Each structure stands twice: as C-alpha cells, then as structure tokens.
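Just so it is clear, the structure is predicted and the values come from calculations on it, not from any experiment. Heavy atoms only: backbone and side chains are in, while hydrogens, waters and symmetry mates are out. Numbered from 1 within each chain, the chains take letters A, B, ... in sequence-line order.
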Amino acid sequence: MSNPLSIYNSLSRQKEVFEPLHPPFAGMYVCGPTVYSNAHLGHARPAITFDLLFRYLTHLGYQVRYVRNITDVGHLENDADEGEDKIVKTARLQNLEPMEVVQKYMNTFHRNMDQLNTLKPSIEPRASGHIIEQQELVRQLLRKGFAYEINGSVYFDVEKYNRKYKYGKLSGRILEDLMANTRELEGQDEKRNPFDFALWKKAAPGHLMKWPSDWSDGYPGWHLECSAMSIKYLGEVFDIHGGGMDLQFPHHECEIAQSTAALGKESVRYWVHNNMITINGQKMARSLGNFITLDQIFRGDHPLLEQAFSPMTVRFFILQAHYRSTLDFSNEALIAAGKGYQRLMKAVETLGNLKPSAASTVDIEDLSEKCALAMNDDLNTPILISHLFDGVKIINSVNDGTEKIDDKGIEALRKLFDDYVFKILGLRDETQDSKTDDLAEELMKIIIDLRGEARTRKDFTTSDRIRDELKKAGVTIKDTKDGVKWERG
RNA sequence: GGUCGGUUGGCCGAGUGGCUAGGCAUCGGUCUGCAAAACCGGGUACGGCGGUUCGAAUCCGCCACCGACCUCCA
C-alpha cells in the first residue's frame, strides 16, 4: 500500500490516514434500518457507501468484520410518554404481530440490498436479540453513576457526564446552548434535564413489545442497542462507525456518551457519515413523506418517476457523487447515470474481445495509479469513475484501431476493470441478464439473416423496415464492421 | 434563534492558488446505403460585491440564497 487510504473522520473534521487498531483486522459498525416500512432511495445511500468501504478495505487486504444492525425494537414516535413505538404502531395499523412487521420489512430490505448488489454484513445483529446486553450496559451506567432510575425508567445523566467528559464533541454542540434552546415539554418531569435520554423505558399498559428487567417491564432506549452490540461484536474500542449524517445528533452523540461513560474510554476511532439524497433540494425521508421506495424505482411505479430505473443504475447514480455530498434525485440525473453505466458495461464487453498488438500506445499503469489515488482520497468514486471512462476511451480506441495495446496491457486493463468496476464499485453487468435467452438468440439470428439478405439485394426499404420494427419492439440493430449486433433497449 | 454545510456550464457532479475532471445533453466531422455505436473536434462555468496575490472557482471579509441538525429519520 504505497499511498495509504485516508478517510474523513467526522470527529476531527478532517481526513485521516486509516490505520486499524489490530491489523490486518478492521472492524466496522454501521447503523442499519428500523424495519417498519419499505426501504427507500435514502436507505440505498449508506448501504452502498459502506458496502463500498467494506469492499475497498477487503481489496486492500484487510480482514474486515462488518456489523450492521437491524433495529426491530422500534423507537418512540416522539419524546413524550404518550409517543408510540413505530413498529407497534405499524403492527396495530396493519393488524399484525410486531415481529411480523419486522420480518416483512426486513425481508424487503434484504431483497432490495441484494438487488443493489451490496455484500451481506459479517454480522447483522438485531436489537431484540440483545436485550440482555443492553440491560447489562444500563446496570453498568447505573453503577458508575451516569444514570438514574425513576418510575421504572432509567435515564442517562447528560449533565453529570458533561462534567467529566465533554458532551457534544461529535456534533459540535455545547451543553449550555442545548439547555438554552431546548423547549420545555409538558408532563416530562421524569427526566432531570430535557436533554437526558432514555436507557430503559417502562412500558405503558397494553404496550406490545416489552421485556422484564430490574426496573420494569419495558424496552431499551433509542441509542442503546448500537453501543451494546458494537461493543459485543467489535470490542470496547473499534475502528469505524458509520451511518447517515442525520444520525450524528442525537443518536451518535448519545452513543459516544453511553460508551464512554460505561467504559471510561472512547469506543470509536473513525466516525464516517454519508450525506443525504435530496429531492427538489430537500432531504428524502420517511418522516417528510417525500420518499420513493426502492421497489417503486425499480418498477417505475411512482408519480415522480418517468420510467423505471434498474438497481445498477441507482447504484451507479449514487457512486457518481462523493458520499459526503448531497445528491439530488431527478429523472434526468437517473437517465444520465443509466446511460453512463450502459456505456461502461459495453466497454467491458469490448475489453473481453480486444486484440493485442506487438506494441502499446497507452499507459495502463498510470491509469491504475490514478484509480488507486482516487479511492485512497476518502473514497472519491466520482474521480475514480472519471478515470474509468478514460479507460473506456482507451478500450474503444483500441477497438477502432486508433490506439494499440500489447498483451500485458490488455491483461492489466482487464484486471483494473475487474477490480474497480466489479469488486470495488460493486457493479454487476445486468445488461447480460437479458442475453441468456436462447430462444431470443435463435429468433434474432433468423431475423438478422433475413435482413442481411435484403441488404445484399440493396432492398433497403425492407432492411430498414425490419430495423425500425425491431426498434419499436425494444431491440437495436447495429451494423458494425465485425458483423451485425443487437441489443435490448 | 444556535451549530454546521452548500451555491460550478442545459442537467448531474468533481476539483481547492496557475496544469482538459467525468457522465448525460447539444453542435460539427470521420465511418456507414442510411442509421446506431465508436472515434476526433467545438461551445457553454465557477451566487454577488470587495480584499490578499504576479495570478483565485480555489484564500480572507461582507451580503444574498439554499439545505442539514437542534423531535423519529439513512
């Protein structure tokens, strides 16, 4: 690794060289979804961003343990006692068991993630399966005096924590400012301070998801599962914690407070946050109601969609922006991404058939170095992709005969594309999916032969009619110097 | 109101002091019976106003606009 990977650490607000605690191992924890409704485009961003990081760390030779949780306990609807657990709420609305809701949307999430070609995490722990660990963490915090129990609920004492450690370091918040700005909530007198947060909540009568504990029949607080499960599977101190920028405060800030208070030390070494996908300049979120689910995108089944977009188009679209920038959704942008992706895939196909020359006029080694530099610079995939398109130009030029490449060059170029396009960017050639149809192949051969005969007769009326009709049916004919080719679309 | 980030060509989106980002769209050319694809070439840009500098999209200041977080959120 001549030039090391640098990654932006939200904690220090700068790029830092990535050096894992225990090389060659690297640990990464990423906040997964709360499964109470269908995954939308916004969920694709962290999934793909951290899939990219997972893939790249693996490519660099690290043995990565990638933990991504499933939140299946639900959070309160709002910061009031009468707030309702979102999973419970959905369960009641759909007349389902809470765990039925969880299962249903978890299944959809997994299917969508497979469609987007994200690798499965090494461990995918569920909050409901780690109630004991969470309770143990609560006890630890009580023992150390950073938590207090009242009416069967346990809260984290932020003010006390702030006196010993500094609360707000990740999000740049200052406790005094928070105190000044937090509005008073009626009937919220359980907490000593409004910014204290629940570690354990006593369940209201009739509440469906609850577990026995030292304090009450209840359920764990909003931020506890990530602390408990990351410590369990990655250790008290681990390398990377990822998630969406919107989780920075309060979720990750509270995680830091809990873990630090319980362990007496910082747990996370690199905090990595992806930015949001916006729509008309505004964050796409379930709570804002401006979201498009992944299934809707794949099917083209949403009023804002002019057409369907394939999973790889979505993946490419996301990778064409840097993960820390906002990315604005529009049909135009998706269409452009889809075409760019197609062009990349066609070049990969061409690369497979390239003929070597004795000498080479192109420099693959230089290209390869540029690609590595781009990735090492905080996973700069837009730059990487721009270099890959330089590769596309090389491939097509060699194919056209305007450039030449030798055996070694072809081998290097194939390795480069295999590594970066497929292994690291995690793209899949879905243009091949439709070409495995034997019957279509046979039929097309017959049609192309007939059209060829017409062309030999110079009967262009007939040959053009065949081409036009096929175009209408979604098949494009191309008369190349290597013979007639066809493709869908 | 507080904290943080952004404003780049027709669209998306990189870049951080001088050196073509890239994709899509568009225009011209080559190739082709014509297309398509590919290749070659062209045009269009850095929110506004000042300042620093030999030189700024890039640094500094002010202003305008947009957004994120401050309540669950990827």
For B/rU7, the Watson-Crick or wobble partner whose two distances fall under 3.5 Å: B/rA64
Check whether any side-chain N or O of A/K393 sits under 4.0 Å from OP1 or OP2 of B/rA38, and answer yes or no. no
Answer with yes or no whether A/R343 presents, from its side chain, a donor or acceptor under 3.5 Å of a partner atom in the base of B/rG23. no
Flag as yes if A/F389 stacks onto the base of B/rG23 (centroids under 5.5 Å, planes under 30°), otherwise no. no
Rounded to whole angstrom units, what separation is found between the CG atom of A/D328 and the P atom of B/rG67? 11 Å
Throw together a table of side-chain donor-acceptor distances under 3.5 angstrom for residues 41-52 of chain A, partners on residues two or more places apart or in other chains.
residue, atom, partner, partner atom, Å
A/H43, ND1, A/H40, N, 3.0
A/R45, NH1, A/N275, O, 3.4
A/R45, NH1, A/M276, O, 3.1
A/R45, NH1, A/S325, O, 2.9
A/R45, NH2, A/H322, O, 2.8
A/R45, NH2, A/Y323, O, 3.4
A/R45, NH2, A/S325, O, 2.8
A/T49, OG1, A/R45, O, 2.7
A/D51, OD1, A/L119, N, 2.8
A/D51, OD2, A/R55, NE, 2.8
A/D51, OD2, A/R315, NH1, 3.2
A/D51, OD2, A/R315, NH2, 2.7

Rounded interatomic separation in angstrom, taking CG from A/L470 and P from B/rA36: 16 Å
Over all strands shown, is A/A321 touching base, sugar-phosphate only, or nothing at heavy-atom distances under 4.0 angstrom? sugar-phosphate
When the distance from CG of A/L327 to C1' of B/rC66 is rounded to whole Å, what number comes out? 16 Å
What is the distance, to the nearest angstrom, from the CH2 atom on A/W222 to the P atom on B/rC73? 8 Å
Cation-pi geometry met for A/R428 and A/F422 (6.0 Å, 45°): no
With sugar-phosphate meaning primed atoms plus P, OP1 and OP2, does A/N396 contact a base, only sugar-phosphate, or nothing at under 4.0 Å between heavy atoms? sugar-phosphate
Please check the phosphate of B/rG33 (OP1 and OP2 only) for any side-chain N or O of A/R451 closer than 4.0 Å. no
Find the distance A/F460:CZ to B/rG33:P and express it as a whole number of Å. 7 Å
Here's one to test your reading of the geometry: is the NZ or CZ of A/R286 within 45 degrees of the ring axis of A/Y36 and under 6.0 Å from its centre? yes
Partner nucleotide, any strand, of B/rA21 [Watson-Crick/G-U, under 3.5 Å]: none
At under 4.0 Å between heavy atoms, what does A/I277 touch on the DNA or RNA strands: base, sugar-phosphate, or nothing? base
Residue-phosphate contact under 4.0 Å: A/R324 side-chain N/O, B/rG6 OP1/OP2: no
